A.B. asks: 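My questions all concern the structure below.
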Amino acid sequence: MRPSACPGLLRIVPALDGGICRVKLAGGVLSASQALAIADAIDEHASGIVDITNRANLQLRGVKRGHEEALIAALLDAGLGPQDATHAHADDVRNVMVSPAAGRDAHALSDTTALAADLLTLLQSDPRCAALSPKFALLLDGGERLMMLDHPHDIWFSAMQPSDHAEPLYALGLAGCPPVAAEHANALAAVAASDVPALTRALLHTFLDLAAPEHTRMRDVIAAHSVDNVLAHAEPQSGISLLRGEPVERWRREPADASRRLGARQQRDGQRWHIGAQPALGRMNSTTLRGLAVLAQQQNHEGAMLHMTPWQTVLLTDIDTSNVAATLQTLETLGLATTPHNPLTRVIACAGSTGCAKSLADTKADALKLAARGVPAQTQVHLSGCPRSCAAAHCAPYTLLATSQNRYDLYTTQDPRESTGFGRLLARGVTIDEAADILNASAAPPFDEPFDA
Ligand code: SF4
């Protein structure tokens with residue numbers, strides 16, 4: 001079993017601003033009563049602040065010294081712990097990403113909610129999974145329009161609808177993302193939905209069979225053993241014949257639409273709506289959390305829940321048509337942005353120097369400054385205090401990487417020329433004002449040599 005320094009519900013780790021407690025949410029879902037429990041808990045035992053993470057979980061910050069046990073007990077009482085709360089690894093392995101609109105997205109090929117619950121049970125109940133890294137993660141994509149497709153996952157499944165099958169199949173890939181564009185890596189195989197749990201178990205065991213002590217992610221095992229050998233090991237273990245061939249290789253997923261994370265969208269039943277809103281920089285205080293809980297409670301439908309999203313936003317589900325306008329208004333009153341016109345929906349930032357000793361700048365404050373200067377429509381900017389990129393598991397179109405207090409290197413992926421890491425270096429050592437000037441002139445970006453501020 002690998003020791004871990006990652007925060008969890010049962011493992012509160014120290015940071016500059018106190019302890020960090022990460023609460024992993026099944027499918028990103030939080031009930032109103034759980035939101036109220038967290039609001040009370042962070043007021044009593046922490047700093048009253050909670051961040052939404054890029055894996056649609058919650059991170060409670062500023063846990064007070066000596067309050068750790070009481071906080072954990074309050075969270076477990078609220079039903080936020082793993083199936084077996086006596087082992088930290090049972091908490092660590094709860095990494096199955098689904099669409100925040102799973103089961104409700106009008107464009108989905110498949111409802112992933114039951115299958116995702118099966119995979120979470122498998123991860124928590126199989127004793128061998130205790131040896132997985134807390135970062136080892138699965139993606140279960142039902143083909144929803146609202147889906148995060150940019151985060152690489154160790155194992156991914158994505159619904160596909162071959163013309164000769166009545167039911168959707170699930171395409172499979174390892175150490176990557178479902179292919180959308182021609183240049184993306186093809187899916188490796190496909191299976192029926194009913195075969196996904198057995199195949200997942202076989203792939204997890206294969207990973208654990210082949211992984212050397214230094215291998216924590218599927219990409220490490222593939223680099224050492226090749227994809228073909230991983231599948232050749234897993235397929236007989238699973239007892240399933242994988243579907244391969246041209247239809248699987250040619251398959252491309254329909255593009256997702258991240259703009260659906262904001263505002264009101266009709267659900268697949270045609271009766272209700274999901275409504276998305278963005279707390280500034282994915283951070284909420286207990287008052288906001290209580291307001292969201294009350295909003296969910298006020299709906300007429302028991303399915304009205306709070307769904308955290310990997311864009312660090314909140315999605316309220318199952319809103320009656322008659323409640324849509326009032327719900328949008330309340331969200332705005334709570335300080336959340338519900339339209340992409342708000343520049344705060346175009347910036348994300350890590351904890352920064354007020355919370356993390358590694359940060360070279362106060363990224364949170366600087367991100368607010370940048371938003372106040374305006375960020376062009378369709379642009380997303382990520383401010384990171386160091387190269388670890390905690391706020392984004394994928395490369396944002398623009399990244400400001402701190403180099404010192406108030407100074408950043410600006411990178412972009414919007415340049416078609418070859419680049420690595422955060423993209424091509426566009427400007428070196430710029431202030432937030434200088435970065436804003438460059439971004440706001442970026443309709444025709446100055447992709448010449450990087451300039452030094
Ligand atoms: S990206 Fe770096 S500076 Fe920011 S929170 Fe993560 S470790 Fe800290």
Side-chain angles (χ1 to χ4, degrees), residues 3-9 11-24 42 46-63 92 95 133-137 148 150-152 216-217 278-285 308-313 344 346-371 380-413 420-423 425-426 428-432 435:
S4 174
C6 279
L9 188 150
R11 188 191 306 109
I12 296 175
V13 302
L16 271 188
D17 55 348
I20 300 178
C21 176
R22 185 176 295 158
V23 182
K24 293 188 172 179
I42 58 178
S47 62
I49 292 292
V50 61
D51 287 339
I52 306 170
T53 75
N54 62 37
R55 294 202 55 80
N57 293 317
L58 290 175
Q59 201 152 269
L60 283 46
R61 296 203 67 99
V63 178
D92 289 338
N95 300 320
S133 155
K135 295 191 186 310
F136 197 98
M148 172 58 85
D150 299 331
H151 291 186
T216 56
R217 306 298 297 271
Q278 173 129 32
L281 307 178
R283 177 163 282 187
M284 298 180 284
N285 60 25
M308 304 304 128
T309 85
W311 297 275
Q312 295 152 23
T313 63
L344 282 170
R346 301 195 275 279
V347 289
I348 55 174
C350 73
S353 56
T354 58
C356 176
K358 290 192 173 67
S359 187
L360 297 174
D362 187 349
T363 51
K364 289 280 190 212
D366 288 341
L368 295 177
K369 255 189 242 169
L370 184 68
Q380 288 286 330
V381 188
H382 166 211
L383 287 84
S384 194
C386 84
R388 284 183 69 179
S389 187
C390 293
H394 65 291
C395 212
Y398 291 91
T399 299
L400 283 164
L401 178 63
T403 56
S404 65
Q405 197 67 28
N406 304 320
R407 295 273 173 185
Y408 293 82
D409 285 346
L410 175 60
Y411 294 84
T412 182
T413 58
T420 55
F422 290 117
L425 179 64
L426 196 53
R428 206 175 273 133
V430 291
T431 64
I432 287 299

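Note that ligands are numbered from 1 as they come in the structure, with each ligand's atoms numbered from 1 the same way. These numbers come from a predicted model, not from an experiment.
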A.B. asks: For atom 4 (Fe) of ligand 1, what's the nearest protein heavy atom and its distance?
C.D. replies: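 For this ligand atom, the closest protein heavy atom is Cys350 SG, 2.4 Å.
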
A.B. asks: At a 4.0 Å threshold, what atoms of ligand 1 neighbour a non-hydrogen atom of Ser389?
C.D. replies: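 That gives atoms 1 (S) of ligand 1.
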
A.B. asks: Ligand 1 versus Cys356, non-hydrogen atoms closer than 4.0 Å: side chain, backbone, both, neither?
C.D. replies: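 The side chain, only.
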
A.B. asks: Drop me the distance from Thr354's OG1 to Lys364's NZ, to the nearest 0.5 angstrom.
C.D. replies: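 Rounded to the nearest 0.5 Å, the OG1-NZ separation comes out at 8.5 Å.
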
A.B. asks: Do Leu281 and Ile348 touch side chain to side chain, with heavy atoms closer than 4.5 Å?
C.D. replies: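 Leu281 does not reach Ile348 side chain to side chain.
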
A.B. asks: So which protein heavy atom does atom 2 (Fe) of ligand 1 come closest to, and at what separation?
C.D. replies: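 Here the closest protein heavy atom is Cys386 SG, 2.3 Å.
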
A.B. asks: Do Arg346 and Val381 pass the side chain to side chain contact (heavy atoms under 4.5 Å, CB included) test, and can you show the C-alpha distance, the side-chain angles, and the key distance before you say yes or no?
C.D. replies: CA-CA 6 Å; Arg346 301 195 275 279; Val381 188; 6.0 Å; no

A.B. asks: Check each atom of ligand 1 against the heavy atoms of Gly385 and keep those under 4.0 Å away; list them by number with element.
C.D. replies: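 Reading through ligand 1 atom by atom, the close ones are 3 (S), 4 (Fe).
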
A.B. asks: Check whether any N, O or S atom of Cys390 sits under 2.8 Å from atom 2 (Fe) of ligand 1.
C.D. replies: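 Cys390 does not place any N, O or S atom closer than 2.8 Å to atom 2 (Fe) of ligand 1.
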
A.B. asks: With backbone taken as N, CA, C and O and side chain as the heavy atoms from C-beta onward, which portion of Pro387 lies under 4.0 Å from ligand 1: side chain, backbone, both, or neither?
C.D. replies: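 Within the 4.0 Å criterion, Pro387 makes no contact with ligand 1.
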
A.B. asks: For ligand 1, which atoms, with element, lie under 4.0 Å from some heavy atom of Ser384?
C.D. replies: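 Atoms satisfying the 4.0 Å criterion: 1 (S).
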
A.B. asks: Can you check whether Ser404 reaches Leu360 side chain to side chain, under 4.5 Å on heavy atoms?
C.D. replies: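 Side chain of Ser404 against side chain of Leu360, heavy atoms only: no contact under 4.5 Å found.
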
A.B. asks: Please give me the minimum heavy-atom distance between Thr313 and Pro279, naming the atom from each residue.
C.D. replies: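 Smallest heavy-atom distance, with atoms named: CA-CD, 4.1 Å.
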
A.B. asks: Tell me which one of Thr431, Thr399, Leu401, Asp366 satisfies side chain to side chain contact (heavy atoms under 4.5 Å, CB included) with Tyr408.
C.D. replies: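 Filter result, single survivor: Asp366.
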
